[in-house]
Amino acid sequence: MKNPFDLKTLVRPNIAKLKPYSSARDEFDGEATDMIFLDANENPFDNGFNRYPDPHQEKLKKKISELKQINPENILLGNGSDEVLDLIFRAFCEPGKDSVVVLPPTYGMYQVLADINNIEVKEILLNQDFQPNTQEIFSKVDSQTKMLFLCSPNNPTGNLISENIIHEILTNFPGIVIIDEAYIDFCEQESWSKKLDQYPNLIITQTLSKAYGMAGLRLGIAFASIEILDILKRIKPPYNINVLSQKQALTQLEKSEMLSYQLFDIQENKSTLTQQLLQLEFVKNIIPSDANFLLIEVDDAKLRYNQLLKKGIVVRNRSNQPLCENSIRISVGTKEETEELISVLKNLN
Ligand SMILES: *Cc1c(COP(=O)(O)O)cnc(C)c1O
């Protein structure tokens, strides 16, 4: 199969024709100082958030651009990566007509967003080693299949998807390939965003919710070609990132030293937790993880989940996902939390 990628044929016709909303801050750049702003019906009394936010988030994008070494033109920000994923669905998939490929066990939001947008999901299970089955994928793709979702490192299994397989999919799949790198900052693997130039059908999503410690601010990132981002920008709500989130994220991203200490700590706690888990009789398997969580197979997931809950520890039972029978997903906490978890686990019977 060869990749006959043509962006124009993938965009929904109504979106291709759409004239985007032009906000007050589009027509005049709100960053200009010493002006009197009487264009957006705001309350003029300054309280730090009486003005609309920058719809293009220029300062924040510049910071992310420096951190990630990607041009600001190749960055789009969303109210969490969940908003970014929803924009992608609405740009490319015609409700009731188009389909997408999802590879379970994986992040549940792809299916939910597909359902909300009335898009058929072609589910193709990962192999036993949690890698995509490319032959089966290509046999299920048809002319209505617009997008394919890869999650690497994958949630809930924690493993990276092999580079060769991703390359094979990117070069052969005729639609948009989304690589969800929510957990990329926890591993050594280079982001696929470095290879945007090679693959015109690639969108990478990342988030400030996990390693960067800003889940409460809701900031998601898409990296893609200018052509793809032009389409997504047509449907992005103009003021989707609020003033306080933009400001707070900038402050937080300045603290790179603190962040690397935190990431180092998390790695240490992960390896302590792994070693200790291996010694427990009711733990049957631990999947090697490139993320900040472990998926462990136990003797009886429901029992172990409830026992932990009684001791005040909340984990996630992932047993209802395919290939995850009796599996529990545990996020890596602080040193103290990890010690408490281990001591509770050791005393279960
Ligand atoms: C947590 C997570 C996200 C993050 O979503 P946000 O909306 O940015 O908080 C995205 N993808 C995966 C696979 C995740 O696990």
Side-chain angles (χ1 to χ4, degrees), residues 57 60-61 64 67-68 75-90 100-114 116-117 121 123 126 130-132 147-161 166 176-187 189 191-193 202-224 232 236-237 240-242 245-246 248-249 252-253 263 266 270 287 289-295 314-318 320-324 327-333:
Q57 305 105 14
L60 185 52
K61 276 187 193 162
I64 292 172
L67 268 174
K68 300 282 180 179
I75 303 175
L76 177 115
L77 300 180
N79 184 17
S81 39
D82 290 347
E83 186 189 47
V84 173
L85 295 169
D86 188 48
L87 292 179
I88 298 171
F89 266 101
R90 288 190 286 140
V100 298
V101 177
V102 171
L103 313 174
T106 193
Y107 187 45
M109 211 53 199
Y110 315 135
Q111 174 81 50
V112 171
L113 289 169
I116 292 170
N117 289 290
V121 174
E123 284 190 286
L126 296 174
F130 302 118
Q131 295 293 331
M147 327 199 283
L148 182 152
F149 290 87
L150 291 168
C151 186
S152 182
N154 187 39
N155 179 4
T157 55
N159 62 293
L160 283 160
I161 305 298
I166 294 184
I176 304 275
V177 176
I178 295 101
I179 307 181
D180 183 338
E181 294 184 333
Y183 299 97
I184 194 74
D185 306 290
F186 294 105
C187 63
Q189 176 75 38
S191 167
W192 283 84
S193 57
L202 171 59
I203 301 178
I204 297 108
T205 61
Q206 292 188 4
T207 179
L208 300 186
S209 296
K210 304 287 159 59
Y212 286 94
M214 298 181 228
L217 295 187
R218 312 306 301 126
L219 274 162
I221 309 171
F223 301 116
L232 298 182
K236 179 183 88 60
N240 62 332
I241 314 289
N242 72 64
S245 289
Q246 291 192 42
Q248 197 62 41
Q252 238 8 66
L253 290 174
L263 291 184
I266 292 169
K270 183 168 98 174
I287 301 168
S289 167
D290 283 293
N292 66 330
F293 57 82
L294 296 171
L295 189 72
V314 190
V315 295
R316 196 99 195 257
N317 186 350
R318 299 276 69 189
N320 55 355
Q321 290 245 345
L323 309 177
C324 297
S327 294
I328 284 176
R329 195 191 67 195
I330 307 178
S331 309
V332 178

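Atoms within each ligand, like the ligands themselves, are counted from 1 in listed order. Counting from 1, the numbers follow the sequence of the chain as shown.
Looking only at heavy atoms of the protein, atom 11 (N) of ligand 1 is closest to Asp180 OD2, 2.7 Å. From the protein, the heavy atom lying nearest to atom 4 (C) of ligand 1 is Ser81 OG, 3.4 Å. The protein non-hydrogen atom at the shortest distance from atom 3 (C) of ligand 1 is Lys210 NZ, 3.4 Å.
Contact between Ala215 and ligand 1 is absent, with no heavy atom of the residue lying under 4.0 Å from the ligand.
Of the heavy atoms in Glu83, none comes closer than 4.0 Å to ligand 1. Contacts between Asn155 and ligand 1 below 4.0 angstrom, taking non-hydrogen atoms only, involve the side chain exclusively. Only the side chain of Ser209 comes within 4.0 Å of ligand 1, counting heavy atoms alone; its backbone N, CA, C and O stay farther away.
With hydrogens and angles disregarded, no donor-acceptor distance shorter than 3.5 Å links the side chain of Glu181 to the backbone of Cys151.
The shortest N or O to N or O distance between Tyr110 and ligand 1 is not below 3.5 Å.
The NZ atom of Lys61 sits 6.0 Å away from the CG atom of Leu76 when rounded to the nearest 0.5 Å.
Ring pair Phe149/Tyr107: centre-to-centre distance not below 6.0 Å.
For the residue pair Met147 and Ile88, the shortest heavy atom distance occurs at SD-CG2, 3.4 Å.
The residues Asp185 and Lys68 are annotated as salt-bridged, a charged nitrogen and a carboxylate oxygen being separated by less than 4.0 angstrom.
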